[in-house]
Amino acid sequence: MDRVLLRGLLPALAALVLAVLASLALGAGEVGPGRALAVLAGGGDDDARFAVLQLRVPRTMVAVAVGVALGVAGAVLQAAARNPLAEPGLLGVSAGASFAVVLVIAAGANAATLGPWVAVAGAGAGCLLAVGAARLRGTGEDPVRLVLAGAALSGLLGAATSVVLLLDQRTADEVRFWTVGSVAGRDLATLAQVASVLAGGLLLAGLAARPLSALTLGDTVAQGLGHRPARTRVVAMAAVALLVGGAVAASGPIAFVGLVVPFLARALGGPDLRRVLAVSVVLGPVVVLAADVASRLVVRPYEMPLGVVTALIGAPVLVAVVRSGRMPAL
Amino acid sequence: MSTLEATRPARAVDPADLATERLDLGYDGTLVVRALDLQLPPGEVTAIVGPNGCGKSTLLGALARVHGPQGGAVLLDGRDLAGLRPRDAARRIGLLPQQAEAPDGLTVRDLVRYGRHPHQGLLRQWSPEDAAAVHRALAAADLLDLADRPLDTLSGGQQQRAWIAMVVAQETAVVLLDEPTSALDLGHQLEVLDLVHDLAAQGRTVVLVLHDLSTACRHADHLVALRDGRVVAEGTPAGVVTAELVRDLYGVEATVLRDPVAGTPVVCPARRAGRRQEPRPHADPGRR
Amino acid sequence: MTATAPPAGATAPTAGTAPAPPGTWWLGLLGRSLLVDRRALTAATALAVLVVATVAVSLAVGTAAVPLTRTLPAVVGAGEPRDVLLVQQLRLPRVAAGLAVGAALGVAGVLLQTLARNRLATPDTVGLNDGAAAFAVASVVAVPMSLAPSASALVGSATAAALAVGLAGGAGRRGYRFLVVGLGVGAALGAVTQLVLARAPIDEANRAFPWTIGSLNSRAPTAVAVLAVGLAVALPVAVVLGRQLRLLRLADAVVLGLGQRVGRIRLGVIATAVVAAGLSVATAGPLGLVALLAPEIARKAAGPRVVPVVGAALASALVVLLADLVGRTVAAPVELPAGIVTAVLGGPYLLWLLLTTRTRRMP
């Protein structure tokens, strides 16, 4: 196996194990690490068994799935846009997904039986809009325009969501879940609903990895090497739509994960896209789990929205990426 | 002021004595120009030449107070430039940097009016002198007919003349131009360089940074050759430009001929000398 | 030193008077002189007329309409008591707040855009509004004093500006870097707001909520008064800076060559923008995209020769008043906050701007 990849993967895997343990052991409530670990060892009291097995295990699994999806989606989007700032949350892809859900629920659909496809469709539309607005041609000529277009789109969709919520009180209560990112209170049924969507997205991302890594050299070179940039981008965008749509359906919009994860993955495994993708699969869950654990501990006994924690982690990374001065060099 | 005087496109200026004394310049701790002693002849065109990254533009910026010196001083009429109020300095020294860009839709006249800024104030926004100076500058740059055209509708040469006219309207004794001809074709280059000659003829000290050695020889009265922030040669073009100097500066073997009309040196490069690598203190790869 | 004759057709200036450049009026007395740009003056006048008309309509329209003929007397307290109550007591303070908030945002927007040489740089995009909102919310939750929100919003927008400028390594030379760093600063400070709200007891959180969503509905009288004072300082400063702002659109080296202290001008510009943005957020919360939209309208109207400070203030007041009017009437009895209206209307415009123009070009 690739030694560079291994050097990147091993620390990531170790971090993943720690993050999973922390997620199972720590919580905002009464059940502390000692009682939780007893449960994991096979014993423990009833309260602890309930907290760990019924609440934390599903929550952790959802966080892992969402982390994989958002991490990979970020890496794919960055490669397709040739822009280290491209991130599903920043670009308005997540906002598109949650707005679509809000609209459909406001139109009368039942939130409980709503499958992930509405969110996927919204994410796809968000992708197209942001990318269209930035006139993304794979030249990476204006990384900032893409981000600003995405920020504009997010702001617009956020405002539109607020309008719907203000006008329709019933919807407001049902969709709060979709507008604020969180993995708290999610059960395994949620996960089962989106599993096939996420699997499809990962498959497409895997298929697009090789041609996408050729795209990092520029469209002309990629064409010279026998790739078809336009088709590759369509596949990549489909992968992003599936992954982000599925993630939003499971946890609501969580910003900055798609920025932080590939950034860390590049730091660990180097710039090669296939390595970045592989490391991102492991690091995505680490980041989401770490943020989730922090969200439980910072304002105990309350919990904080997960998106708030990821924004606090992500904003400095955003600044670091811009300051590194290698913006268009991806 | 009489009508006659106001219409004269050219007006003699008090010649200025511009010099550097043990001047050190640099960014972020690395010195680009070291202990430079330079005397710029008043009323003449001086061209600064040298390889990429030799410190030409940095030096020009320092002469116009854009960069402060790390050591030493720039002297204007014997006084340290850093001690002057910026406005007073701007009435004596005008600068046109490279790649100047103007807001969309601005007309030539609007741009040239900016040159009067050092002579104006909050409660002295427009005077007869301003009007006369703008008119003279437009006339000197042969832009009177184009004065009210938006800048972005003009050719590259006309735009460059408009920018120079802005500096001319400043009515300074020293005019500093950073590669004024770099993006222009041959005809437009001559347009600009003719204007430069006119400026010197009015008694101004003109300093140009030029890329092309032959152009510098043809149009400058005085040549300063820089390498690694030090003066390699200084003097009249005919006196200093030799095959040795070209090898020294650019690492290129060249034949130096005489211009059949002007008699100035013309450099015909032949091949790179050896495999010597030029140090490039400013190489800044991957950045944009 | 030969004098060549000017080309035929071009008239040379004559002695004694200062022939004003085309499109300007020259006012001179005893060696003092002012130069007024005609197009900018016309534009400002037209915008002022529109503002007055919108104020009149805003005072007349609402859940209970007051005919325009009775509105004006009611402003000064004449007419039926019901009209006076509606117009003078309920609507006038709201409209006055809208005017002040709008003007402040417009000034902040045009200053930041010129500073960054990029029209996408506004108090919302570079994080000033988020900073002001975060600190205002924190102050309400921690120190419930009536003056505190204004003061801490000011500190908040100053903090955001310092972070964005400092981390980007300057605002002017690296316009794009400033923008994205500002976006990050804004996101982090937005998260701080959420964090503070999450920690706060529910009734305090409710009291702080208005600062997270832009609206003229819940403004505090003290905040409006502080804003008015701030504006009385910031607007004249911005107008005086107008001549330097014109130059600031050129490259730094050119401005330095013309004898301006660029660093000092920048500091003045950003300080003024911070005051204007911070105090307006303390009054009405972040009104999305107003500061982007309004200066753009003002620039289109005033032409390329000037940086329209007054025009932007007027256009921005117009946008805020119209947004508030729309928000009050379009879905009545539900009231849409003005900030949401401006975001919904401004968003497509921002996208269109990104779609059609080069971001690198200065405004």
Side-chain angles (χ1 to χ4, degrees), chain B residues 1-3 5-10 12 61 64-66 85-91 93-97 99-107 109-110 113-115 117-118 120 122-132 134-135 138-139 142 144-145 147-148 150 167 170 176 201-203, chain C residues 1-24 26-29 31-36 114 117 176 240 242-244 246-247 249-262 264 299 303-307 357-358 360-363:
Chain B
M1 186 192 290
S2 76
T3 308
E5 197 185 344
T7 52
R8 271 167 58 182
R65 300 164 296 113
V66 173
R85 280 170 53 211
R87 224 156 86 104
D88 294 338
R91 291 177 185 177
I93 301 176
L95 167 75
L96 180 60
Q99 294 169 339
E101 211 181 333
D104 288 337
L106 210 70
T107 66
R109 191 191 304 274
D110 295 335
R113 274 172 55 195
Y114 283 150
H117 222 274
Q120 297 169 338
L122 182 61
L123 293 175
R124 197 184 164 286
Q125 298 189 351
W126 191 251
S127 67
E129 292 79 45
D130 292 333
V134 167
H135 188 84
L138 286 169
D142 198 13
L144 280 171
D145 293 336
D148 295 307
V167 181
Q170 213 170 326
L176 310 171
Q202 293 156 22
Chain C
M1 250 177 285
T2 50
T4 50
T11 46
T14 46
T17 63
T24 60
W26 182 76
L27 311 166
L29 189 69
R32 305 283 178 205
S33 54
L34 292 177
L35 205 57
V36 182
T114 312
R117 302 195 177 102
Y176 77 91
V240 168
R243 289 173 65 251
Q244 276 80 14
R246 274 178 230 185
L247 287 186
R249 299 182 295 175
L250 308 175
D252 271 9
V254 176
V255 188
L256 286 164
L258 290 173
Q260 295 298 317
R261 300 175 204 259
V262 177
R264 205 182 281 185
R299 262 194 300 274
R305 212 173 284 135
V306 295
V307 175
T357 49
R358 308 262 342 131
R360 292 284 160 65
R361 295 296 281 201
M362 53 208 90

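Protein chains get the first letters and strands the later ones, always in sequence-line order, with residue 1 at the start of each. Here the structure is a predicted model, which is why all the values come from computation and not from measurement.
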Colleague: For C:Arg243 and C:Gln260: C-alpha separation, side-chain torsions, deciding distance, then whether side chain to side chain contact (heavy atoms under 4.5 Å, CB included) applies.
Modeller: CA-CA 11 Å; C:Arg243 289 173 65 251; C:Gln260 295 298 317; over 6 Å; no
Colleague: Take B:Val134 and B:Glu129 through the side chain to side chain contact (heavy atoms under 4.5 Å, CB included) test and state the conclusion after the steps.
Modeller: CA-CA 9 Å; B:Val134 167; B:Glu129 292 79 45; over 6 Å; no
Colleague: Between C:Gly23, C:Ser33, C:Gly259, C:Pro304, which residue shows the highest count of heavy-atom pairs closer than 4.5 Å to chain B?
Modeller: C:Ser33
Colleague: Would you say that C:Val36 contacts C:Leu27 through its side chain, given a criterion of any heavy-atom pair below 4.5 Å between the two side chains?
Modeller: yes
Colleague: So what's closer than 4.5 Å to chain C heavy atoms on B:Leu123: side chain, backbone, both or neither?
Modeller: both
Colleague: Where on B:Arg91 is there a heavy atom nearer than 4.5 Å to chain C: the side chain, the backbone, both, or neither?
Modeller: neither
Colleague: For the interface with chain B, which of C:Gly257, C:Ala251, C:Pro21, C:Ala253 has the highest count of heavy-atom pairs at distances below 4.5 Å?
Modeller: C:Pro21
Colleague: Chain C heavy atoms under 4.5 Å from B:Arg124: which part of the residue, side chain, backbone, both or neither?
Modeller: both
Colleague: What's the shortest heavy-atom distance between C:Ala20 and B:Trp126, and which atoms?
Modeller: CA-NE1, 3.9 Å
Colleague: So that I can tick it off, tell me whether C:Arg117 and C:Asp252 are bridged by a salt bridge, with the cut-off set at under 4.0 angstrom between side-chain N and carboxylate O.
Modeller: yes
